[in-house]
Amino acid sequence: MKSKKVLISLLATASLAALFSASSVTVNAADNSNSTAVAKFDKAITIKNIPRLSKWGYIVTVNSDSQPISVGKDSYQKMLNDSEFRSGDTISPKKVKNVKFKVVKTAYAKHHNGALMYLITSKDNKYSTWTTNPGMQYYAFKSKALQGVVKPLNRISKRATAQVPIYKWQKISKKARATRIRKNEYDFNLAVKAAKKLKGQQRKFVLASLKQAKKDGYITKLTLPLAFNILLWGIDQ
């Protein structure tokens, strides 16, 4: 199931490449007309602030899919402008499961296979890392109180995963798409109903996330819009 989540994540974020264009091609040609031009890949990375996510503060935890966690404020300062930086002082993500992180920045580069990278940091910047969204989830995602929201969202995710075409020429019939949308609407409404029973900041966060998901096409799109929605990062894990 994790592999499906990664597939959805890659499909969802690949469409954002135009927004985070960070690659160029340099052609080196010799004077000899018979020589072959050599294309050279530029590994530049575009790093941006992500207020849409960082505004929620320290609500993210990491799982075993995350990168090794760097230790120390100095490492965090270096990571702010370098998504390739890896500290020599790291700790396994398994040892920081109960630590809450904040999403600070996002980065895009073609050599990340089309996936967005996210810089997350703990309070006081003690622990930091660049990772992809399958390596993170909302801290209360597996709590009993949230299961009324999570279960119907999982059903929506499974429908999208099951209908991803293997080949570009394959298409989903209008009838099948309409049926999927109808079922998605039913499950999405169940999730919203359950979210309204939550309390305090959790209720605010979950309802806002669901509202954004609907706006981003969560009900109607073939591939799910996961890139900028923390609540959805734990789906199907």
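In what follows, residues are counted from 1 in the order of the sequence shown. What you see is a predicted model, and the numbers here were worked out from it, not measured in a lab.
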Note to self: Whether Asp82 and Lys105 form a salt bridge (side-chain N of Lys/Arg under 4.0 Å from carboxylate O of Asp/Glu) is what I want to check.
What the structure shows: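 Between Asp82 and Lys105 there is no salt bridge, as every charged N stays at least 4.0 Å from the carboxylate O atoms.
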Fill in: Check ion pair Arg159-Asp187 (N to O, under 4.0 angstrom)
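Looking at Asp187 together with Arg159, the answer is yes, because their closest N to O distance falls below 4.0 Å.
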Would Lys142 and Gln137 count as a side-chain contact (heavy atoms from CB on, under 4.5 Å) if you check the C-alpha gap in whole Å, the side-chain angles of each, and the deciding distance to 0.1 Å? CA-CA 9 Å; Lys142 294 181 179 180; Gln137 64 182 17; 3.7 Å; yes
Distance col, row Lys126:NZ vs Ile69:CD1, nearest 0.5 angstrom, shows 13.0 Å
The reported gap from NZ in Lys48 to CG in Leu116 (rounded to nearest 0.5 angstrom) is 10.5 Å
Do any N or O atoms from the side chain of [X] and from the backbone of [Y] form a donor-acceptor pair under 3.5 angstrom?
{"X": "Trp130", "Y": "Glu84", "value": "no"}
{"X": "Tyr76", "Y": "Thr129", "value": "no"}
{"X": "Gln77", "Y": "Lys73", "value": "no"}
{"X": "Asn63", "Y": "Pro134", "value": "yes"}
{"X": "Arg180", "Y": "Lys221", "value": "yes"}

ILVMFWY network linking Ile181 to Leu210, side-chain heavy atoms under 4.5 angstrom:
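Shared cluster, yes.
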* State yes or no: do Leu146 and Tyr58 share one hydrophobic cluster built from I, L, V, M, F, W and Y residues joined by side-chain heavy-atom distances below 4.5 Å, directly or via other members? => no
Flag side-chain contact, heavy atom, 4.5 Å: Val149 against Lys197:
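Of all side-chain heavy-atom pairs linking Lys197 with Val149, none is under 4.5 Å.
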Determine, step by step, whether Ile120 and Val62 satisfy the side-chain contact (heavy atoms from CB on, under 4.5 Å) criterion, reporting the C-alpha distance in whole Å, the side-chain angles of both residues, the deciding distance to 0.1 Å, and the verdict.
-> CA-CA 9 Å; Ile120 59 174; Val62 297; 3.5 Å; yes
ask   = Phe205 vs Trp56 aromatic rings, parallel, tilted or perpendicular, using cut-offs 30° and 60°?
value = perpendicular
> Going through the distances and angles, do Val104 and Ser54 end up as a side-chain contact (heavy atoms from CB on, under 4.5 Å)?
Replying inline: CA-CA 6 Å; Val104 181; Ser54 56; 5.8 Å; no
- Query: Looking only at side chains, do Asp216 and Gln212 share a donor and an acceptor under 3.5 Å apart?
  - Reply: yes
ask   = Cut-off 3.5 Å, side chains only: do Ser75 and Ser70 have a donor facing an acceptor?
value = no
Review point. Is the number of heavy atoms from other residues, nucleotides or ligands under 6.0 Å of Asp74 CG greater than 12?
Key: no
(request) Examine Lys100 relative to Tyr139 and say whether NZ or CZ is less than 6.0 Å from the centre of the six-membered ring and inside a 45° cone about the ring axis. (result)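 Yes, a cation-pi geometry holds between Lys100 and Tyr139.
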- Message: Please evaluate residues Leu153 and Leu232 with respect to the criterion side-chain contact (heavy atoms from CB on, under 4.5 Å), reporting the C-alpha separation (whole Å), side-chain torsions for both, the decisive distance (0.1 Å), and the verdict.
- Response: CA-CA 8 Å; Leu153 294 182; Leu232 302 182; 4.1 Å; yes
